[in-house]
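Data block below; observations after.
Numbering of ligands and ligand atoms starts at 1, following listing order.
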Amino acid sequence: MPEIVTPIITPFTKDNRIDKDKLTLHAENLIRKGIDKLFVNGTTGLGPSLSPEEKLENLKVVYDVTNKIIFQVGGLNLDDAIRLAKLSKDFDIVGIASYAPYYYPRMPERHLIKYFKMLCEVSPHPVYLYNYPTATGKDIDAKIAKEIGCFAGVKDTIENIIHTLDYKRLNPNMLVYSGSDMLIATVASTGLDGNVAAGSNYLPEVTVSIKKLAMERKIDEALKLQFLHDEIIEASRIFGSLSSNYVLTKYFQGYDLGNPRPPIFPLDEEEERQLIKKVEGIRAKLVELKILKE
Ligand SMILES: O=C(O)C(=O)C[C@H](O)[C@H](O)COP(=O)(O)O
């Protein structure tokens with residue numbers, strides 16, 4: 001059964017600290033609404049902006065709600081990533097994950113392979129690759145993942161389903177998730193293992209319903225919902241999806257997740273008004289379809 005995994009938003013207070021109470025409330029709501037796992041310290045969670053101590057703080061807070069956690073530990077200091085991987089032994093979680101070392105240009109492939117192999121050597125849990133070429137500038141594709149040889153799974157954020165299917169083709173034992181919200185219906189129809197969907201932060205009901213409809217082979221209904229979801233994703237990108245996620249969660253789920261962490265700035269009042277105006281009609285359709293309550 002393919003899963004919906006939420007790369008959970010990290011709420012911040014006005015003085016730029018993690019808002020633990022808001023994070024707890026959000027995690028509880030997602031699990032209650034049928035989300036299968038929570039991906040902590042991902043892109044949507046502004047993982048690259050978090051210190052190692054903050055990454056661990058996020059894990060502790062979410063762990064008090066559920067142990068269905070994939071704990072992202074990666075960064076540009078491998079010692080920190082290794083320390084976090086080792087500290088995760090105290091938590092009975094699904095696994096750890098890491099994106100590739102970002103920013104540094106023209107890194108030799110052998111160094112990328114060494115980075116992940118060193119994480120695998122120390123990890124007390126299964127290790128997941130978080131592949132996001134647009135964000136990191138590195139594509140740890142299926143062939144390289146096979147050469148690294150120690151991944152339990154991969155989250156492949158790329159809007160190219162062949163690239164993602166290749167992981168399953170070359171590494172049949174790996175769990176393969178797409179990191180794209182726009183491929184939920186597709187993934188559920190292809191035998192892959194699910195989606196890590198940023199939009200499931202603000203519409204867990206919709207993302208779970210798309211998956212279920214696709215699994216029931218109600219493809220027309222699944223695509224109808226998928227396309228409504230896609231419209232919201234597109235609207236979020238106009239204003240910056242990482243900032244819009246906070247506004248959309250408040251609008252669709254009814255609770256405030258505080259602020260993002262600069263340089264991911266909050267939307268201003270006018271941007272927020274425009275975003276809501278773009279999605280309010282879709283919300284009405286979701287209520288009509290009884291996916292959302294009034
Ligand atoms: O946030 C995470 O950690 C995720 O896993 C979800 C996706 O990787 C990113 O949200 C990418 O979003 P887009 O590039 O806008 O499709």
Does Lys20 come within less than 4.0 Å of Glu57, counting only side-chain N to carboxylate O?
yes

Pair Asp141 + Lys143, salt bridge at N-O below 4.0 Å:
no

Using the side-chain contact (heavy atoms from CB on, under 4.5 Å) rule, take Leu286 and Leu225 through it: C-alpha gap first, then chi angles, then the decisive distance, then the call.
CA-CA 8 Å; Leu286 292 171; Leu225 262 186; 3.5 Å; yes

Using atom types as modelled and distance alone, determine if a side-chain donor or acceptor of Asn201 lies under 3.5 Å from a backbone N or O of Ala198.
yes

Out of curiosity, does Leu183 fall in the hydrophobic cluster containing Ile158 (side-chain heavy atoms, cut-off under 4.5 Å, transitive links)?
no

Contact set, ligand 1, heavy-atom distance under 4.0 Å, ordered by chain/number, equals Pro7, Gly42, Thr43, Thr44, Tyr130, Tyr132, Lys155, Thr157, Gly179, Val196, Ala198, Arg237

Could you check whether Lys155 makes a cation-pi contact with Tyr130, meaning its NZ or CZ is under 6.0 Å from the centre of the six-membered ring and within 45° of the ring axis?
yes

